[in-house]
Number of protein chains: 2
Amino acid sequence: MGDCCLSHNTVTVDICLTSNYNEHMETRDIVSLISKIREKVNRHIVSEMAKQGMEEIGTSHGDILYALFKTPRLTMADISRRINKDKSTVTALVDKLVRLGYLTKERDQEDARVVYVALTPKGSELEPIFESISREMLDRFYANVTDEERELLFGALTKIYNNF
Amino acid sequence: MGDCCLSHNTVTVDICLTSNYNEHMETRDIVSLISKIREKVNRHIVSEMAKQGMEEIGTSHGDILYALFKTPRLTMADISRRINKDKSTVTALVDKLVRLGYLTKERDQEDARVVYVALTPKGSELEPIFESISREMLDRFYANVTDEERELLFGALTKIYNNF
DNA sequence: GAATAATGGTTTGACGTCAAACTATTTGGC
DNA sequence: GCCAAATAGTTTGACGTCAAACCATTATTC
């Protein structure tokens, strides 16, 4: 009783549709835990980015920049696939990064439909900052988590991911 | 190489700031796995709700209804706390549910600042539907996951949650 | 080779979300 | 008792997000 979502191994199974339910500061079920961890991680990253001077961008912009650190020229569709966001969303996100001077857009010469996105020098300068933020975040994330736990976590989460 | 975020136990630590990075259909790190699971679960729930006639509402509305199934009268601030959303967000969400006929709002007589939210009969009718959707979702979620994994998952995720 | 389909991006409209400013009540200190 | 601080909700403005409609260009098909 008082649980969110699932009373393990008991008769009663409480209802919790979505992933954000919170009962007196306890986090009783995995679904909502997942949701809340994601939220905390995102907030943490945004605040770290703001500290480093990236006040105006959010995690999705970060995903795009990160993708371009790894692959310096991507089409809009590429980005959409990589960051798991609708193409119209990507249009908005990339346009903002262009406006801020981090990216450039350029139409392909062979196929006039496709647009290539690339980093500007100002955009490239962000890479080390991203790296340090990422490292700090991962250190914090995995603090107190043993390698065994990490492996099991990854395995179990992969299973769950594939259940949907 | 080609990893997102973390190459376990190796020298290179790839960068992945946010939680939605996707590399050729693989899900290589826990942070992005978490984010994607959350997304899939949410989509699944919304689509199940739509199937059951709840076309117009999303998971956050579901959280509010769920909270009211458990506690039939809540203030706006209660709801905000329970579903982890800003109070202004709650105003919008509750107003929509009122507009759809699922909830009522009523000012407290003793303290004219507070507003009580409660289910209408039409709202109460949703409870069994929610219960079945929730059960189905949890069955799917935990399919192939052993009790041990579940426990370890919960423990590890709790640790991670508390790291932020 | 012209009509049709497919593809890549953008636009538009709706919505959830937050933060900040605001309103209206209550509570506390003096 | 009155003024200041606290509290409960709402409003407003900005933004990320998606889906659907749309526009351009390239591929197909006959």
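Predicted model, so just to flag it, every value in this text is computed and none were measured. Naming convention: chains lettered A, B, ... in sequence-line order (proteins, then strands); numbering from 1 in each chain.
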Transitive ILVMFWY side-chain link Tyr161(A) to Ile160(B), under 4.5 Å:
yes

Is there a path of hydrophobic side-chain contacts, each under 4.5 Å between heavy atoms, that joins Val145(A) and Ile34(A)?
yes

Output the distance between atom NZ (Lys85(A)) and atom CD1 (Ile79(A)), rounded to the nearest 0.5 Å.
13.0 Å

Would Phe130(B) and Met49(B) count as a side chain to side chain contact (heavy atoms under 4.5 Å, CB included) if you check the C-alpha gap in whole Å, the side-chain angles of each, and the deciding distance to 0.1 Å?
CA-CA 8 Å; Phe130(B) 269 55; Met49(B) 290 200 299; 4.2 Å; yes

Round to the nearest Å and state the distance from [X] atom [atom1] to [N] atom [atom2].
X         : N       : atom1 : atom2 : result
Met49(A)  : dG16(D) : CE    : P     : 11 Å
Arg107(A) : dG9(C)  : CZ    : C1'   : 7 Å
Ile64(A)  : dG9(C)  : CD1   : P     : 13 Å
Ile79(A)  : dG9(C)  : CD1   : P     : 9 Å
Glu110(A) : dT7(C)  : CD    : P     : 20 Å
Leu97(B)  : dC15(C) : CG    : P     : 13 Å
Asn84(A)  : dG16(D) : CG    : C1'   : 15 Å
Arg38(B)  : dT17(C) : CZ    : P     : 9 Å

Thr75(A) vs Leu93(B), nearer the 5' end of DNA chain C by closest nucleotide
Thr75(A)

Sub-3.5 Å pairs of nitrogen or oxygen atoms, protein against nucleotides 11-14 of chain D:
none

Which part of the nucleic acid, if any, lies within reach of Glu56(B) when heavy atoms closer than 4.0 Å are counted: base, sugar-phosphate only, or nothing?
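Result for Glu56(B) = nothing.
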
Kindly point out which of [options] is positioned nearest to the side chain of [X]?
X         : options                   : value
Arg43(B)  : dA19(D), dA19(C), dG16(C) : dA19(D)
Arg113(B) : dT26(C), dT10(D), dT17(C) : dT26(C)
Ala112(A) : dT17(C), dT10(C), dT26(D) : dT26(D)
Lys96(B)  : dT25(D), dC18(D), dC15(C) : dC15(C)

Other residues, nucleotides and ligands only: do more than 12 of their heavy atoms fall within 6.0 Å of CZ on Arg73(A)?
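At most 12 heavy atoms, drawn from other residues, nucleotides or ligands, come within 6.0 Å of this atom.
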
Apply salt bridge (charged side-chain N to carboxylate O under 4.0 Å, His left out) to Glu39(B) and Lys36(B), showing your working.
CA-CA 5 Å; Glu39(B) 218 150 282; Lys36(B) 285 189 280 201; over 6 Å; no

Is the closest basic N to carboxylate O distance between Glu48(B) and Lys51(B) below 4.0 Å?
yes

Measuring to OP1 and OP2 of dG16(C), would you say a side-chain N or O of His61(B) lies under 4.0 angstrom away?
yes

